[in-house]
2 protein chains.
Amino acid sequence: MTETVRRPTRQQAAVLAALDEVQEFMSAQQLHSRLREQGASVGLATVYRTLTALAADDEVDVLRTDEGESVYRRCASEDHHHHLVCRACGRAVEVDGPAVEDWAARVSAAHGFRDVRHTLEIFGTCDRC
Amino acid sequence: MTETVRRPTRQQAAVLAALDEVQEFMSAQQLHSRLREQGASVGLATVYRTLTALAADDEVDVLRTDEGESVYRRCASEDHHHHLVCRACGRAVEVDGPAVEDWAARVSAAHGFRDVRHTLEIFGTCDRC
DNA sequence: GCAAACTTGACAATGATTCTCATTTCCGTC
DNA sequence: GACGGAAATGAGAATCATTGTCAAGTTTGC
């Protein structure tokens, strides 16, 4: 694991704090606006840099919306897991499926693929929406 | 199903033909260059429009690369399926996993989600690379 | 053959993300 | 506590895929 060494700064702390406040996946742009509203002055480029770094260290999860925007979320589980995301309110539930992992590994092996990684996200409308 | 009625044109045929020639997922930009190289004069906007329309009618499969680019592929199977994609050569194998579909449905229901849809792609390095 | 409706293409516009680079901040050291 | 080099930041420019615009070209039904 190539854990990047980042220097602790006010800005990075602010980004992490903002992420901790929500259960939804948020885009860099949304986080930036949110921070500015709260009075924290953090540059947009810095928000992007911080999120990218956090994602590289697996401290946040990233996924792409249908529109191609990257959205980030601080997850409770450190381990590999997937998400059930409400397409209306954006709320996300962390789920894991050992069966899926096995299936993916089996299928990959059967076709001679190595170093496999997979993405699996479920989108729907939650009971509150 | 809201099947869009499209008028048959030289350009759309060219895009489909180009897609049929390859087993890899290709971006709109790549297809456009390919068409121009082959001498077929098709505007970039038209390539985008055609691909979007085809995707809406489920005649091609779309997925997003890590870089956020949309890539398209003409698939043999009309039914719902997933892909095992080589990250080196781009070759894709169509696979399906009934177990995964069941699992997704079960998990969604357990959390009260409706109208669920999921994305699942596996990336790896194939035996030829 | 004709008009209405649809499609195309060149280019502008958009919007997220990344790059640039001068300035600021952090950290170990003196 | 001050100092110097390295890393981080911010403002704006630059990039790049994708979408919008609109005049001109095609297709279809009649």
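Side-chain atoms are counted along with the backbone in the values below, which use heavy atoms only and exclude waters and symmetry mates. In what follows, chains are A, B, ... by sequence order, proteins preceding strands, each numbered from 1.
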Atom pair distance, as rounded to whole Å: [atom1] in [X] and [atom2] in [N]:
| X | N | atom1 | atom2 | answer |
| --- | --- | --- | --- | --- |
| A:Arg7 | C:dG28 | CZ | C1' | 11 Å |
| A:Glu67 | D:dA17 | CD | C1' | 15 Å |
| B:Arg64 | C:dA16 | CZ | P | 13 Å |
| B:Leu44 | D:dG20 | CG | P | 14 Å |
| A:Glu69 | D:dT18 | CD | P | 15 Å |
| B:Met26 | D:dT18 | CE | P | 13 Å |
| A:Gln11 | D:dA11 | CD | P | 11 Å |
| B:Leu31 | D:dA17 | CG | P | 14 Å |

Which residue, B:Val71 or A:Arg36, contacts DNA chain D at a nucleotide closer to its 5' end, judged by nearest heavy atom? A:Arg36
Can you work out whether B:Tyr72 or A:Val47 has the more 5'-proximal nearest nucleotide on DNA chain D?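 Final value for this comparison: A:Val47.
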Give B:Gln12 one of three labels, base, sugar-phosphate or nothing, depending on what nucleic acid heavy atoms sit under 4.0 Å from its own.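 Result for B:Gln12 = sugar-phosphate.
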Could you tell me whether B:Ser27 contacts a base, only the sugar-phosphate backbone, or nothing, with contacts defined as non-hydrogen atoms closer than 4.0 Å?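 Here B:Ser27 touches no strand at all.
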Any B:Ser70 side-chain N or O less than 4.0 Å from OP1/OP2 of D:dT18: yes
Between D:dT19 and B:Tyr48, is there an OP1 or OP2 to side-chain N/O distance shorter than 4.0 Å? no
State whether the distance check finds a donor on one side and an acceptor on the other, under 3.5 Å, for side chain A:Arg49 versus base D:dA8.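 Looking at the base of D:dA8, it does not pair with any donor or acceptor on the side chain of A:Arg49 (distance under 3.5 Å).
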Counting heavy atoms not belonging to A:Arg114, are there more than 12 under 6.0 Å from its CZ?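 Enclosed.
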Return the nearest nucleotide to the side chain of B:Thr52; candidates are D:dT19, D:dA17, C:dC19.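 Of the options given, the side chain of B:Thr52 lies nearest D:dT19.
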Quick one: which of D:dG20, C:dT7, D:dG10 gets closest to the side chain of B:Thr9?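 Nearest nucleotide to the side chain: C:dT7.
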Main-chain N/O of B:Val42 paired to B:Thr46 side chain as donor or acceptor, under 3.5 Å: no
Are the side chain of A:Thr52 and the backbone N or O of A:Tyr48 linked by a donor-acceptor pair below 3.5 Å?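 Pair found, side chain donor or acceptor close to backbone of A:Tyr48.
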